[in-house]
There are 2 protein chains.
Amino acid sequence: MTSGPSHTQNTLRRGIIELAFGEPDPALLAVGLVRRAATAALDDAGPAMLAYGAPAGPPALRREIARRVAARESCACTAADVLVSGGNSQALGQVLTMLTAPGDVVLVEAPTYNLALGIMRDHPVEVVGVPLDDEGIRLDELQTVLGVLRAGGRRARLLYTIPTFHNPAGVCLSSQRRQDLLEIATEHGLVLVEDDVYRELVYDGAAPPALWALGGGAPVVRLGSFSKTLAPGLRVGWINASAGLLERLAASGVLTSGGCVSQFGAGVVGRLLAADGYDQHLAVLRRTYASRRDALAEALREHLPAGCSFATPAGGFFIWPTLPAGLAATALLPLAEARGVAFAPGARFCTDGDDRSLRLSFSLYDEATLREGARRLGAAVADAQAGRA
Amino acid sequence: MTSGPSHTQNTLRRGIIELAFGEPDPALLAVGLVRRAATAALDDAGPAMLAYGAPAGPPALRREIARRVAARESCACTAADVLVSGGNSQALGQVLTMLTAPGDVVLVEAPTYNLALGIMRDHPVEVVGVPLDDEGIRLDELQTVLGVLRAGGRRARLLYTIPTFHNPAGVCLSSQRRQDLLEIATEHGLVLVEDDVYRELVYDGAAPPALWALGGGAPVVRLGSFSKTLAPGLRVGWINASAGLLERLAASGVLTSGGCVSQFGAGVVGRLLAADGYDQHLAVLRRTYASRRDALAEALREHLPAGCSFATPAGGFFIWPTLPAGLAATALLPLAEARGVAFAPGARFCTDGDDRSLRLSFSLYDEATLREGARRLGAAVADAQAGRA
C-alpha cells in the first residue's frame with residue numbers, strides 16, 4: 001500500500017514512506033476468512049456468540065488454540081491452559097492489574113516495545129531496564145539488577161520479555177539463555193511475561209521454543225495473539241500460563257462482570273480455526289513478509305553508509321540498524337522526513353534514552369517502496385554526516 | 001427461555017428458575033441486525049474494520065452515538081464527546097486505572113452493582129458505601145462521608161453511581177437530588193462515574209436526564225452500553241465526559257498500543273446504527289420486558305407474605321423486595337433453591353453486609369415462568385417463617 005486510511009490507528013502522511021508503524025499491511029488481513037467465519041458462526045450459534053460469554057473465553061476457541069499450540073510447539077496444551085484475551089495490549093494491562101501491587105518493580109528489556117512502556121505507566125509500578133545483545137536479554141545484567149534490588153530489600157515482580165523476533169531489535173533469545181532465564185525466574189519467583197506475538201511470522205527455519213513451552217515449572221505467562229496473523233481489529237489473543245497464574249488472571253473483576261473481553265471476535269476466530277484456510281493464509285503471510293524483509297535488508301546494505309550495522313531478523317516485522325558513532329536517531333528523523341521517509345527513533349524504546357538505533361518496519365509496504373525508503377534513509381544519514389562535518 | 005446454554009457466562013440449573021442473573025434473554029438479542037451489519041461492514045470496509053483502529057473508536061460509530069444521544073437526550077453531543085468502550089465493565093476498569101491512585105477512596109451506593117465491587121477490588125483503592133433510599137443515593141449521608149474523609153485529611157476521588165433504573169434497587173435518583181449531587185461533585189472535585197446501562201429500557205414514561213446531560217460543568221463520566229439493548233457479547237459501549245476527563249481516559253496505554261478495545265464489534269455497531277431497525281428492536285425489548293416486569297410484580301404481590309415490600313421499577317431489569325423483619329436473604333436462598341427458584345441475596349450488593357433484600361431479575365424468562373418463580377419464592381419465605389417460628 002502507498003497511502004493509508006485515516007481511520008486506522010496510524011495515519012500515513014502523503015509523500016512519506018512510513019517505516020515507523022509495526023502493523024500488518026491492511027491488504028494482507030484475512031478479510032475473506034473472517035467474513036466466512038462470522039456469517040457461519042452467527043447463523044449457527046448467534047445468541048451464544050452474542051450473549052455474555054464465559055470469563056475464560058468460548059470453550060471452542062480455547063480448544064482450537066490448544067490444539068494448534070500442542071501441534072505446532074510440540075508441547076502439552078489443553079483448553080484448560082488457555083485464557084482468551086483481547087490481544088496482547090489488553091492482556092498486558094490485565095497482567096499488571098492482577099499480578100502487581102503499588103511500588104512493585106517491573107523489569108523490561110532495553111530496548112523494549114515502546115507502547116508496552118505506555119501500558120506500564122498507567123500502573124503504579126517502577127520500570128527498570130535490562131540491556132539486550134544479539135542473543136537477547138543479558139543475563140549477567142539481569143543478575144546484577146536482581147542483586148541490587150535484593151540488597152535494597154526489594155524484589156522484581158515481573159519481567160516483560162519478547163524473546164522471539166524481538167520488537168524492536170529483531171533478535172531471538174538464544175537457546176542456552178532461555179534455559180538459564182527460566183532457572184533465574186524460578187529461583188527469584190520472577191514472573192516472565194513472554195510477549196510472543198510474532199511466533200507464526202518466521203521466515204528462516206523454525207521459531208525457537210517459547211519460554212512457556214520449555215516451562216519446567218518456571219512462572220511464565222505467555223501472551224499469544226491473532227493480531228499480526230489474522231487481523232488486529234478482531235482484538236483476539238490468548239494467555240498460556242500455569243494453573244495458578246491463570247487462575248489469578250481469570251479472577252479479574254472485568255471478566256467476572258462482562259465475560260470474555262472479546263466474546264464476539266473470539267467466536268469468529270474459533271469458527272475460523274475450525275475451518276480450513278488459516279494455514280494457507282499464514283503461508284502467504286510468511287512468503288510475503290519474508291520477501292519484504294529481504295528487499296529492505298538488501299537495500300539497506302546498499303544505501304546505508306559504512307558505520308551503520310544491523311542484523312537480519314529471522315522473523316517478525318523489524319530491522320534495527322545502529323547509526324555511525326556520533327549520530328542520534330531522534331536528530332536524524334527530521335532530515336529523513338525531509339527526504340520522504342520516517343522511522344521510530346531508538347530512544348522511544350530505551351528506558352535509558354539510548355538513541356543510537358532506529359526501528360524500521362517492513363510489514364506495511366511492497367518491495368519497491370521499501371527499497372525507495374532505504375535509499376531515502378541512506379541519503380538522510382549522508383545529510384546528517386555532511387551537516388555534522 | 002427455560003434452559004440455558006452452558007457456554008454463556010451464567011449456567012442455568014435444571015429445575016431452578018434463576019432470577020439471579022441480570023442478563024438479557026438470549027432469544028431477544030439482535031442476531032439478525034448484527035448479522036446484516038457485520039456482513040455489510042466487512043464487504044464495504046473490511047480492512048478498515050480489521051486493522052488497528054483509532055484509540056477513541058471508529059469515527060463513524062462515534063458520530064452515530066453522538067447523533068442518538070443528542071436526539072434522545074435533547075443535549076449537545078458530538079463525536080468529540082464520545083470514547084468507544086468495550087462495555088461498562090471494561091470502561092469502569094479503565095476509569096479506575098486512569099483516574100485513581102493507590103489509596104484513593106472510591107464511593108459506591110449501598111447497595112450497588114455487586115460485580116462493580118469485584119472490578120474495584122482489583123485496584124488499590126478503598127471502597128466506601130453511601131446508603132440509598134427510594135429517591136436514590138442519600139445526599140445527607142454522602143455529605144457526612146465526605147466530611148469524615150476531609151477531617152481525616154483524605155478525599156474521595158470517584159463516586160460510582162447508577163442513578164437511572166438502579167441495579168439492584170430499581171430506583172431512580174430524584175430530579176432535585178440530581179441537581180444537588182452535581183453541585184456537591186463540583187464543590188468537592190468528586191468525579192461521578194454514572195453507570196447508565198439501562199437508560200433505553202424504560203417502561204413507564206421517559207427516563208430521567210443523565211447526570212452527564214444535566215452537566216453544568218460537574219465532573220461526570222457517563223458509561224453507556226449496547227450490552228442490554230443489542231448484545232452483551234459485542235462488548236461495545238461508550239463513555240461521555242468533559243474534554244479534560246475524556247482526554248485522560250483516552251491516554252490509556254492499552255488504547256495507544258492496541259487501538260479501540262472493541263474495534264471489530266464497534267465497526268458492526270456503527271453500521272447497524274446507520275441502518276434501520278434499531279429503534280424497532282428497542283420497541284420490542286421495551287414491550288417485552290415491561291410485560292415481564294408486570295407479570296413478576298403482580299405475582300410477587302400475590303405470593304409474598306405480608307411484611308415483604310418492594311417498589312415496581314420504571315425501567316431496567318430488577319425488582320428488589322425487602323424481607324419481613326428477622327429474615328436474611330442469604331439464609332433464605334437454600335430454602336428457595338429447594339423450592340426451585342434462585343435469586344441474588346442482598347448481602348452481595350451491600351458493602352455493609354445488609355442482607356434484608358434480594359434481587360430478582362425479570363429479563364430472562366417469559367411471564368408464566370416468572371409467575372411460577374414468584375409462587376415458589378413465596379413458598380420459600382413461608383418455609384423460612386415456619387422454620388423460624
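Proteins come first, then strands; the chains are lettered A, B, ... in the order of their sequence lines, and each starts at number 1. Given the structure is predicted, the values throughout are model-derived calculations rather than measurements.
Neither the backbone nor the side chain of A:Val236 comes within less than 4.5 Å of any heavy atom in chain B. For a residue to count as touching a neighbouring chain, one of its non-hydrogen atoms must lie under 4.5 Å from one of that chain's; by this rule B:Ser227 touches chain A with the side chain only. Contacts of A:Arg235 with chain B are made by side-chain atoms alone, with heavy-atom separations under 4.5 Å and no backbone atom involved. For A:Leu234, the parts lying near chain B are the backbone and the side chain together; criterion is any non-hydrogen pair under 4.5 Å.
Taking chain A as the reference chain and counting heavy-atom pairs below 4.5 Å, the highest number among B:Gly233, B:Gly93, B:Gly265 is found for B:Gly233. The candidate with the highest count of non-hydrogen atom pairs below 4.5 Å against chain A, out of B:Ala251, B:Cys260, B:Pro102, B:Gly118, is B:Pro102. Ranked by heavy-atom pairs under 4.5 Å with chain B, the list A:Asp43, A:Leu117, A:Leu28 is led by A:Asp43. Between chain B and the residues A:Met120, A:Met98, A:Arg121, the largest count of heavy-atom pairs under 4.5 Å involves A:Met98. Your options are A:Pro232, A:Ala45, A:Ala38, A:Ser252, and the one with the most heavy-atom pairs under 4.5 Å with chain B is A:Pro232.
B:Ala41 pairs by the side-chain contact (heavy atoms from CB on, under 4.5 Å) definition with B:Met49, B:Arg271, not counting sequence neighbours.
Of all the heavy atoms in B:Thr39 and A:Arg35, the pair that sits closest is CB-NH2, 3.8 Å. Here the closest heavy-atom approach between residue B:Ser257 and residue A:Ile119 is recorded as CB-CD1, 4.1 Å.
Listed for the A:Asp122 side chain is a donor-acceptor partner under 3.5 Å among the backbone atoms of B:Gly253.
Between A:Leu50 and B:Val31, some side-chain heavy-atom pair lies under the 4.5 Å cut-off.
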